[in-house]
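Working notes, structure below.
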Protein chains: 2
Amino acid sequence: MSEIARLTNVSQPTVSRVLNGNTKVAPEIRERVLACARAHDYQFNALAKGLQGSKTRLLGVLVTDISNGFFADLAKQIEVAARENGYSIILFNSDYNPKNEQEYLDVVRRYRVDGVLAVPIRETSPQWRDYVKKLDVPVVTITRRAHGLDSFYVDHAQAGAMVADHLIDRGYRRFLFIGKDYDGKYVGFRRQLTDRGFGDAATNRVLRSHDQLGQELRDWFFSDTARAAIFAGNDIYALQVLDILRELGISVPRQAGVIGFDDTFMGRFLNPRLSSVSQPTASMAREAVEWLLDRIEHPGPREAQNRPFPAELVIREST
Amino acid sequence: MSEIARLTNVSQPTVSRVLNGNTKVAPEIRERVLACARAHDYQFNALAKGLQGSKTRLLGVLVTDISNGFFADLAKQIEVAARENGYSIILFNSDYNPKNEQEYLDVVRRYRVDGVLAVPIRETSPQWRDYVKKLDVPVVTITRRAHGLDSFYVDHAQAGAMVADHLIDRGYRRFLFIGKDYDGKYVGFRRQLTDRGFGDAATNRVLRSHDQLGQELRDWFFSDTARAAIFAGNDIYALQVLDILRELGISVPRQAGVIGFDDTFMGRFLNPRLSSVSQPTASMAREAVEWLLDRIEHPGPREAQNRPFPAELVIREST
DNA sequence: TTGAAAGCGCTAACAA
DNA sequence: TTGTTAGCGCTTTCAA
């Protein structure tokens with residue numbers, strides 16, 4: 001700016017005024033400065049700008065696993081929405097590790113980002129919530145609900161219940177969930193199964209996804225003859241389950257039903273095409289970003305926004 | 001820092017010296033300052049720090065499509081490697097749009113990132129290369145070779161030739177490539193087909209992936225009875241092709257062979273399991289990041305690094 | 001080994 | 001409408 005000021009015979013603050021365009025400047029000077037800036041391909045220094053007030057036009061985005069198509073897509077939508085509003089994102093991957101998540105919140109403070117969008121790992125932990133609230137930037141939670149924080153999410157428990165209904169209606173009589181037993185979707189799934197009379201421990205199991213999954217799945221499947229359905233905590237698990245079942249010669253959906261979660265892109269092309277639960281990623285991302293920007297641009301205490309989105313059952317060939 | 005200086009009765013620069021740890025400070029003061037910083041959960045201001053020299057400890061990462069599992073994985077690896085070295089990444093998605101790419105290079109300058117890792121769209125364009133070279137930060141190209149710039153990539157032409165050999169050896173006699181005809185892998189693929197006597201236009205076609213793909217694929221397939229193979233420019237196209245073939249009742253690999261590119265995670269679980277070309281993502285990312293950091297930490301002109309990595313043919317059930 | 005002072009590139013308050 | 005001045009939070013001289 002000083003350089004441009006020198007070249008155009010005005011003061012440096014005047015250059016600033018022209019380039020930011022929010023103050024009145026004589027048209028003649030204005031043109032001269034703009035021309036000079038263009039000629040020298042001037043780019044403002046975002047650091048110097050940010051050093052002043054809090055406006056870095058940087059958003060921190062924290063996801064749990066970017067290599068999962070669902071989150072990759074989410075990150076993409078967030079980035080697009082942010083860019084449309086002149087913000088850039090600094091991205092972090094927690095890998096479901098609270099240590100990384102904590103580390104990231106420090107990075108975020110270092111760069112004085114204007115706001116944070118996070119897929120939390122410990123959204124139910126009061127310590128985490130308190131820590132986040134002490135941060136002096138607005139934090140918005142996406143895809144998961146964190147009480148007391150702005151949250152944009154689909155209700156996993158309700159989605160789980162929808163899955164239960166669907167599977168029961170399709171005639172499946174015993175159920176396996178692949179994932180963690182404290183996962184909201186399992187909680188809702190199990191509750192609904194119980195309500196409809198399928199709450200037996202015998203007909204209702206949880207398996208974590210790991211190397212032994214094939215063996216365990218096989219044992220579970222052949223331990224009973226009732227028609228079996230598998231609810232995978234995400235589409236990636238579902239993909240693996242389909243492969244295992246094929247290996248075992250179990251036909252889907254006849255002998256076993258399989259349903260995933262997130263409705264990632266590949267699902268509609270799998271063989272058999274995968275039933276799944278779809279989340280409105282695009283609108284979630286957009287609304288969350290807009291809400292966050294609104295909080296950034298109009299600071300001050302405000303009641304926590306709680307915005308649930310409807311999940312949608314996408315029924316294809318696997319159930 | 002001033003606050004800590006006040007509380008510990010030393011000067012602010014001394015606090016800086018303690019916290020950065022590269023200058024000698026009396027152990028007693030040192031302890032006092034560190035204790036105080038910890039107590040107040042001090043986080044340095046990366047903006048103020050970056051305003052000084054060029055060290056923002058920020059890396060710009062530009063990919064073409066983060067929702068493609070291959071690039072998502074690449075971004076993840078880059079982020080991990082960067083973080084291990086104390087750098088954070090600011091991520092951008094070009095969506096294969098040169099306008100976005102250009103815009104991003106401006107953002108990168110605004111934030112004074114220390115270096116850039118890019119998956120370029122126009123790596124063969126001299127204008128792009130010149131523009132990048134004028135940037136005063138080191139730029140490293142990943143997954144694609146850009147002459148005159150540091151490049152970490154697999155040789156697509158050579159990989160394409162490997163695919164050609166493989167398909168011919170499997171007994172396929174006519175070939176379809178899904179992607180763009182100027183794609184390096186197609187260039188190498190076609191050259192090798194020609195060298196081995198399968199250069200006929202009649203047996204060798206290119207199709208762009210789009211809505212009409214199903215119809216076009218069908219026309220192509222039934223236009224001849226020779227055994228057909230389809231080389232998809234990436235695994236996502238391959239996934240779609242498999243689905244179309246299944247729809248048409250064409251059995252893979254018997255009536256048609258299908259091979260993808262990138263060997264993304266899902267490939268090994270598809271039905272049939274997808275043959276593909278695997279790139280050493282992890283080592284490419286790691287080496288590229290390390291090279292970039294080396295260039296950042298030891299500036300000065302240097303000969304452009306040209307680092308090809310070997311691609312590997314992963315043969316599964318689809319060919 | 002420590003402190004005082006200057007300055008990185010901007011914005012904002014104030015004066016002209 | 002424009003210029004002058006101060007200051008954001010650090011690092012980096014230069015003295016002491």
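All values reported here derive from a predicted model rather than from experimental measurement.
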Quiz prompt | Charged tip of A/Arg144 within 45° of A/Tyr153 ring normal and under 6.0 Å | solution = no
Quiz item: Does the pair B/Glu297/B/Lys55 count as a salt bridge with the N-to-O cut at 4.0 Å?
Solution: no
Practice problem: Output the single nucleotide from D/dT13, D/dT2, D/dG9 whose closest atom is nearest the side chain of A/Thr14. | Solution: D/dT2
Quiz item: For DNA chain D, whose closest nucleotide is more 5', that of B/Leu51 or that of B/Arg17?
Solution: B/Leu51
Exercise. Salt-bridge test for B/Asp150 and B/Arg145: reply yes if a basic N is under 4.0 Å from a carboxylate O, no otherwise.
Key: no
Quiz item: Is NZ or CZ of A/Lys99 both nearer than 6.0 Å to the six-membered ring centre of A/Tyr104 and within 45° of the ring axis?
Solution: no
Quiz item: Less than 3.5 Å between a donor and an acceptor, one on the side chain of B/Gln12 and one on the base of D/dG9, is that the case here?
Solution: no
Quiz item: Taking for each residue the nucleotide of DNA chain C with the nearest heavy atom, is it B/Val10 or A/Ser2 whose nucleotide lies nearer the 5' end?
Solution: B/Val10
Quiz item: What do you reckon, is CZ of B/Arg122 surrounded by more than 12 foreign heavy atoms closer than 6.0 Å?
Solution: yes
Practice problem: Measure the distance from CG on A/Leu47 to P on D/dT11 and round it to the nearest whole Å. | Solution: 14 Å
Quiz item: Atom CG of B/Asn20 to atom C1' of D/dC10: distance rounded to whole Å?
Solution: 9 Å
Practice problem: Send over the distance from B/Met1 CE to D/dG9 P, rounded to a whole Å. | Solution: 12 Å
Quiz item: In terms of side-chain geometry, is the basic nitrogen of A/Arg57 or A/Asp114 positioned less than 4.0 Å from the acidic oxygen of its partner?
Solution: no
Quiz item: OP1 or OP2 of D/dG9 less than 4.0 angstrom from a side-chain nitrogen or oxygen of A/Tyr111, does that happen here?
Solution: no
Quiz item: Does B/Arg109 pair with B/Asp136 as a salt bridge, N-O distance under 4.0 Å?
Solution: no
Quiz item: In whole angstroms, how far is the P atom of D/dC8 from the CD atom of B/Gln52?
Solution: 15 Å
Quiz item: By a strict heavy-atom criterion of less than 4.0 Å, which residues belonging to residues 21-41 of chain A are in contact with DNA chain D?
Solution: A/Lys24, A/Val25, A/Ala26, A/Ile29
Exercise. Compute both the distance and the angle, then confirm whether B/Arg307 meets the cation-pi test with B/Phe309: under 6.0 Å from the six-membered ring centre, within 45 degrees of the axis.
Key: yes
Quiz item: What are the 5'-most and 3'-most nucleotides of DNA chain C lying under 4.0 Å from any heavy atom of chain A?
Solution: C/dG9 to C/dA13
Quiz item: Is the charged tip of A/Lys76 near the ring of B/Phe92: under 6.0 Å from the six-membered ring centre and within 45° of its axis?
Solution: no
